[in-house]
Amino acid sequence: MTDRYAVIGNPIEQSKSPLIHTAFAQVTGQDLAYTKVLSPLGEFAQTVDAFRAAGGRGMNVTAPFKLDAFAYATDLAPSAQLAGAVNAMKFEGDKIFAENFDGVGLVRDVVHNLGCPLQGRRVLLMGAGGATRGALLPILAQGPAELVIVNRTLSKAQELAAIAQTQNSGGVPVRGVGYGDLQGQAFDVVFNATSASLTAQVPPLSTSAFAPGALAYELAYGKGLTPFLKLAQQAGVTRLADGVGMLAEQAAEAFLWWRGVRPDTRAVIHTLTVPLV
Ligand code: ATR
């Protein structure tokens, strides 16, 4: 019997998840159907209940329901707990297992696809919202030399740094700072996890924040050369990436979790890549 999965959101038309998971199912020979579910606002639980009652096995969750899914879950993985948000659910009887694969997808893209180890590197994470929360643990697990969280609202960066320190078994130094505190500091990897690119803005980052040979990584995807990536380019950075690989890798993690087989992401990344020009 064909197993049913879906992505739930509002709006949902823009979602690439059906394309990605359908491609994964084809290359791995898995018998599944993956569709889009538009949930009315305020009716997340009822919509998921109906999908489960019809035999649905799992769902990805996109805006604005990642917090609703957090509340709906019966079993939250540590990744979801720290992120405070859920992007994948698995249904087994009355159990709703919940994960957040965004951070692990990001790290896998950087380390595996882009060939940029984070171990021993100085890492700067811009922003202190949900995207940063999701990325914290997987980045720390790589053992960077230091992790600095920089945010427009300093208190939020400090709060996240404090949370990260409690989870940080490897003893990586973690600091939360404002943009003005970065003078004289340079980083090997700079992640833009702010939502600034969605409004074509750029955080007030100095070009001196990029160390020679740095990687500049924009978590948003499909927007070409964003203001952040332009800034990096002006600073002489030649290693530029957007979040297309992160998108594919978080999907691959969910697929592995659901089906027990890890799909190769290269074809999907190739299909979805928008040139950085
Ligand atoms: P997400 O879930 O995508 O991370 P979010 O939780 O709303 O979204 O967080 C957005 C982050 O982007 C915040 O850290 C925000 O900074 P503030 O905490 O000071 O609001 C950051 N951000 C958004 N626009 C920005 C801009 N133009 N410059 C700098 N930071 C920006």
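Both counts, for ligands and for their atoms, begin at 1 and track the order of listing.
For ligand 1, the atoms sitting less than 4.0 Å from at least one non-hydrogen atom of K156 are 17 (P), 18 (O), 20 (O), numbered in the order shown with element in parentheses. Less than 4.0 angstrom separates some heavy atom of A128 from each of these atoms of ligand 1: 14 (O). Ligand 1 places these atoms under 4.0 Å from at least one heavy atom of Q201: 27 (N). Close approach of ligand 1 to G130 is summarised as follows: ligand atoms under 4.0 Å from at least one heavy atom of the residue are 1 (P), 2 (O), 4 (O), 6 (O). In the vicinity of A131, heavy-atom distances shorter than 4.0 Å reach the ligand 1 atoms 1 (P), 2 (O), 4 (O). Close approach of ligand 1 to G127 is summarised as follows: ligand atoms under 4.0 Å from at least one heavy atom of the residue are 14 (O). Each of the atoms 17 (P), 18 (O), 19 (O) of ligand 1 lies under 4.0 Å from some heavy atom of T153.
Remark: atom 6 (O) of ligand 1 lies closer than 4.0 Å to at least one protein heavy atom.
Atom 10 (C) of ligand 1 has as its closest protein heavy atom S195 OG, 3.4 Å.
Side-chain contact between N151 and Q158: absent, with no pair of heavy atoms (C-beta onward) separated by less than 4.5 Å.
Remark: the S39 side chain and the N10 side chain contain no N/O donor-acceptor pair separated by less than 3.5 Å. Between the side chains of T28 and Q30, no donor N or O sits under 3.5 Å from an acceptor N or O. Side chains of S206 and Q183: no donor on one and acceptor on the other come within 3.5 Å. Side chains of Y217 and D109: a donor-acceptor N/O pair is present below 3.5 angstrom, by distance only.
Around atom CG of D94, no more than 12 heavy atoms belonging to other residues, nucleotides or ligands sit under 6.0 Å away.
Between F187 and the choices L182, L215, V123, L125, the side chain to side chain contact (heavy atoms under 4.5 Å, CB included) rule is met once, by L182.
When only interatomic distances are considered, the shortest N/O to N/O separation between N151 and ligand 1 falls below 3.5 Å.
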